[in-house]
Amino acid sequence: MIKEVTDQYNAQKIEEKVHNFWEDNQAYMKVREHRRGEKRFFFVDGPPYTTGHIHLGTAWNKIIKDSILRYKSMNGHDIVDRAGWDMHGLPIEVKVEGVLGFESKKDIESYGVEKFVNKCKEFALKQKDAMTDQFRTLGTWLDWEDPYMTLKDEYIEAAWWTLKQAYEKDLLEVGKRVVNWCPRCETAIADSEVEYEDRTDPSIFIKFATKNENDTYIVIWTTTPWTIPANMAVAVNPDFEYAKIRAVKEDKEEILIMASDLVESVLKKGRYTDYEILETMPGEDVAGMEYKHPLVENIPEQSKFDHRVYLADFVTAENTGCVHIAPGHGVDDFDVGKANDIPAFCPVGSNGHYTREAGKYEGMNIRDANKVVMEDLDAKGLLLADDTITHRYGHCWRCKTPIIYLATKQWFIKIGDLKEDMLAEIKRVDWHPDWAGSARFRDWIEGARDWCISRQRYWGIPLPVWRCEECESLKVVGTRKELQEIADVDPNTELHRPYVDEIKLTCDCGGRMSRIEDVFDVWFDSAVASWATLNYPHREDQFKEWWPADFITEGHDQTRGWFYSQLGASMVAFGQAPYKSVLMHGFTLDSTGKKMSKSLGNVVQPHEVIEKYGADSLRCYVLSSSAPWEDLKFNQDELATIHRTINILWNVYRFPLPYMALDKFDPLEVSFEAVEPYLRKEDRWILSRMQSVIEEVDRSMEQYLLHRAIRTINEFVLEDLSRWYIQLIRPRTWNEADDPDKLAVYRVLYDVFANLCKVIAPFMPHLAEEMYGNIVKNVDPDAALTVHMCNWPKVDESLKDTDLEEKMTAVRAMVEAASNARQKVKRKLRWPVNRIVIEPENRQVYDAVMDLRFVLMDQTNAKDIDLVEVNHSWDELGVEASPNHSAIGPVFKQDAGKVIQYIQKADANELKKGLANGELEISLEGESATLTPEMVKFEDKIPSMVAVADFSGGRIYVDANLTRDIESEGFAREVIRRIQDMRKELDLEVDENILAHIRIDDERIVDLVLDRENYIAKEVRSQVQVIGFDVDATGTLVKDWNVEGIDVHIGISPAN
RNA sequence: GGGCCCGUAGCUUAGCCAGGUUGAGCGCACGGCUGAUAACCGUGAGGUCCUGCGUUCGAAUCGCAGCGGGCCCA
């Protein structure tokens, strides 16, 4: 039986109840099982990093996923949706190091790698559990019980296998390259792990003394003085013009070489007082010039090298136009070195301290060295200018240490060889929005470089590469099984460091093979998620059935991240994209559009929001506020508005329940067919609207336009249900008998809610479940366990009537206009009006009035409707004529006054008729004159106590003239309203009877009210009722009122 | 500095693809309704459609340049 719900909407209570229900009944599992064997939908969860706490962005991410999956499930899809966790890598290492108070890798080594790795694992698992709970409070359904975890051996195997594919396809490369390096973490980091932030650095100009000419210097510029010890060359642009100048400063003269266009600015920086250009030359002529390393006296190693000027296209016309080249410390520099056989001299160690090769600087930290290098240069008179600059500089994404560039030996995936195929593949992927793939992702891939996948760390998937200590040949292992076949390995050995490090292989040459110590870049972990989540290569069957993914969705930062890493790994492994469609979503920003960050203190925690408004409100807010791919400016007020909307939905839902419960309404007994003959126009209208809403939600969801889907639903709830349908049917629900008109309303409302709870299910899963539980499951014990197991409602074409929907829209416009007009004559809606008059502009509006006459009368509280023919005027309108002076003057000159008087005195109707067909001859004091239509302005004269208002399809008049009958009804309803108010105050049951004593301090009004004594008694359920001028207004509750200036005293009591 | 996206009322947004009087919600002011009532409805005020230039009879919409914000990159 349907139950009354008396409470206000209480999200927390409902959500807790629903969560318990889901858990007790294993609802998630049963829903997924329910769909086994239906159309497959393979979803891959982008694994969040196990930081221990979710934030608004990850919450939004999972909410999008959940809503789409729920929708897909209801639409008959068999879903794979293992939740994923990204659990390896530096972030956790850094965190654990922090807990243990470590400062460098040495601390880890002395603590013991095994203990350290176990700490990391423990930490990751704990964080995962905490985050799972947090995600669950959002009501998100993924396979939380059996998630994929990158730290699991099965998962590690997927990465190993993939690397072996790369090796076998000659896509794996090892070599010395310049990489981003974190001197604190002592490891290479990927481009995508570099965070750019503002930083202030030295900005210095240095003179390099040329070898063959005295007192002649090439001027270079740098922001990293510490790289000067590694300087090996200077680069100039072949297309620039360079100048050799004599520069003067404090009576000293020297000869400087730099780009011609930059001479003035450089000399200004160096505070030179005068200069003269000695010679200009193209860059090509500068090339080949030899110079002396500025610190060669401090760095003996540098005396072994020649230093020259080379040509390079990347040199820009900034600073001096001559670029300091240190092949050991820069990507471009490295390339210049490679092209010209310059050694990549790199006197800096992995910890950011100079090595023995740096001579004087050995052991010094490079950041501390900046100052020393500058002092040394200055002492030698080689520091031309010394300033600072604030610029964007890369930092380690985890420990925020400024990165350096180091030439080191690393492992790479040759993206260059795959690029063309990748570009072809992404065209086959369905991108939402389209530009996410066709523009943004394509641009990124076009600029992509080889992918450095090795890290010199501990907590990660070990690279499955063994190298012979004798002959250096390599062995790449793809699976645990393979490893067991070629080595004596305990089958329970965990595939992490340090355990795998202990495994030694035997080379074909007889030499001993040891694993190279690196672990994978953590991005490689998640890159293999689409097959790792299917346990491939451990199992093949699932992979064959499901792969590739039907759908993934992540934020736009993942363009360079997971969208890319997955594509790269999948091209290596299978030569095709691992996903068929991608929805790129936005970022959550604070209410002013700034990034949320701890340092700005503007972070909004999901749990705070949930505690205040509930998960369904949060879900609806983040989904509806903007298009998925746009950034979300998180705004509490907007969230509160959405919450209010859901509250209205709740009120709409609970409104009919007391009546239904009272009448023991059973939808299994009262069929739609049975009530169909009694349906009113508005009933058919709301049923049609429901169908249109389903259709529109479908259309939106097809394109992942979740915001449109929810806005459609909210508008339906607010506009159609709350503001219109419920208002229209209220009186019908108060009928007491087994009235078929009332049963029709019940049935219609029931069908609307039965559909509505399914339509909101993907977005407000808790509220949907609550509604479903009461109105469906309480009625039908055989109904599906949960609303989420139901089939998505199918549009019933027989209920759709778009013509009726349009007519109702027109009627609503008229009611609004009528309300506007009433306000002009200050006639409250409670007071009926004699009639309203409609002047329709077109046939459709005319038909709408004909068809929905009752609705219109009801909602305008009018006794009658006069419907005028299309494009005709109401015949009771008077006409007012006024002279148009500017047209009359020029024609009649001095007689104009007489004409004006004539028009003012004339019968406006006659005048209008006369002018209708053009000119009109009139007689002015015996003389005839000719009036033309421009000379007279006609305006409608509205009868008194009639107000007018326009609406989009015409004009409406409200005749508010009072009659005794109307006054009687008006006052009666005023009295009724106040008694109802008092009943409410006494908290009486809806069907409880009362005694009422009413004293009205005006005899005429007493008379009017007595006309409707019975009506009042019926409306307020008064058994005994005394109304009069001399009544003693007594009762349990007595109140004094003022109605339209008349004092009214009312006393009521419960009848027994 | 480059790529992509965004910029419309105090706030959140629709309209932009396919050019033809900027439309809503929140908030505000005023009014109404009254057994959904801690709810609900109406009316009103409030817009240099980021700026400038161009295309066009006509630009929020198309193009170019710039400004501001976001993500990504250098």
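Within every chain, numbering begins at 1; the chains are lettered A, B, ... in the order of the sequence lines, protein sequences first and strands thereafter.
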Check every strand shown and say whether [X] touches a base, only sugar-phosphate, or nothing at a heavy-atom separation below 4.0 Å.
| X | result |
| --- | --- |
| A:Asp557 | sugar-phosphate |
| A:Leu988 | base |
| A:Gln727 | base |
| A:Val652 | base |
| A:Tyr659 | sugar-phosphate |

Before we go on, tell me: are the rings of [X] and [Y] under 6.0 Å apart, centre to centre?
| X | Y | result |
| --- | --- | --- |
| A:Trp181 | A:Tyr405 | no |
| A:His585 | A:Trp60 | yes |
| A:Tyr621 | A:His643 | no |
| A:Tyr659 | A:Tyr746 | no |
| A:Trp523 | A:Tyr564 | no |

Using a distance-only criterion (donor-acceptor N/O pair, under 3.5 Å, no hydrogens), is the base of [N] paired with the side chain of [X]?
| X | N | result |
| --- | --- | --- |
| A:Arg440 | B:C71 | yes |
| A:Arg654 | B:U37 | no |
| A:Ser722 | B:A36 | yes |

For [N] and [M], measure between their [atom1] atoms and round to the nearest Å.
| N | M | atom1 | answer |
| --- | --- | --- | --- |
| B:G52 | B:U8 | P | 16 Å |
| B:G46 | B:A9 | P | 14 Å |
| B:C49 | B:C72 | P | 33 Å |
| B:G7 | B:A60 | C1' | 11 Å |
| B:U61 | B:G19 | C1' | 6 Å |
| B:G15 | B:U56 | P | 28 Å |
| B:C67 | B:C26 | C1' | 29 Å |
| B:G44 | B:A24 | P | 10 Å |

### Message
Whether the A:Glu638 and A:Ser625 side chains hold a donor-acceptor pair (N or O, under 3.5 Å, no angle test) is what I'd like checked.
### Response
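There is no such pair (donor and acceptor under 3.5 Å, judged by atom type) between the side chains of A:Glu638 and A:Ser625.
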
### No-hydrogen, no-angle side-chain donor-acceptor test under 3.5 Å, A:Tyr653 and A:Asn774
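Result is yes, a qualifying pair exists.
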
Measure [atom1]/[X] against [atom2]/[N] and give the value in whole Å, please.
| X | N | atom1 | atom2 | answer |
| --- | --- | --- | --- | --- |
| A:Phe441 | B:C5 | CZ | P | 16 Å |
| A:Leu829 | B:G32 | CG | P | 11 Å |
| A:Trp629 | B:G69 | CH2 | C1' | 19 Å |
| A:Asn714 | B:G25 | CG | C1' | 11 Å |
| A:Trp435 | B:C71 | CH2 | P | 13 Å |
| A:Arg449 | B:C72 | CZ | C1' | 14 Å |
| A:Leu657 | B:U37 | CG | P | 12 Å |
| A:His585 | B:G70 | NE2 | P | 19 Å |

Please pick, from [options], the nucleotide with the shortest atom-to-atom distance to any side-chain atom of [X].
| X | options | value |
| --- | --- | --- |
| A:Lys828 | B:A39, B:C33, B:G70 | B:C33 |
| A:Arg711 | B:A39, B:U13, B:G42 | B:U13 |
| A:Glu816 | B:C72, B:U43, B:G25 | B:U43 |
| A:Ser625 | B:U34, B:A36, B:U12 | B:U12 |
| A:Asn820 | B:C72, B:A36, B:U43 | B:U43 |
| A:Glu630 | B:C6, B:C11, B:A39 | B:C6 |
| A:Ile648 | B:C40, B:C11, B:C72 | B:C40 |
| A:Arg730 | B:U43, B:U37, B:U13 | B:U37 |

Return the nucleotide paired to [N]: Watson-Crick means purine N1 to pyrimidine N3 with N6-O4 or O6-N4, wobble means G-U with N1-O2 and O6-N3, both under 3.5 Å.
| N | answer |
| --- | --- |
| B:C71 | B:G3 |
| B:C40 | B:G32 |
| B:U22 | none |
| B:G63 | B:C53 |
| B:G47 | none |

Tell me whether the side-chain N/O atoms of [X] come closer than 4.0 Å to OP1 or OP2 in [N].
| X | N | value |
| --- | --- | --- |
| A:Arg973 | B:U34 | yes |
| A:Arg822 | B:G42 | no |
| A:Lys633 | B:U12 | yes |
| A:Arg708 | B:G15 | yes |

### Query
Between A:Arg440 and A:Asp434, is the closest basic N to carboxylate O distance under 4.0 Å?
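Here A:Asp434 does not pair with A:Arg440 in a salt bridge, since their nearest N and O are not under 4.0 Å apart.
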
### Task
State, with a plain yes or no, whether a side-chain heavy atom of A:Leu623 is found less than 4.5 Å away from one of A:His707.
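The answer is no; the side chains never approach within 4.5 Å.
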
### Query
Which residue lies toward the 5' end of RNA chain B, A:Asp631 or A:Asp981, if each is placed at its nearest nucleotide?
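Nearer the 5' end of the strand: A:Asp981.
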
### Message
I want to confirm an ordering. Mapping A:Arg812 and A:Val1020 to their closest nucleotides on RNA chain B, which one lands closer to the 5' end?
### Response
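In this pair, the answer is A:Val1020.
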
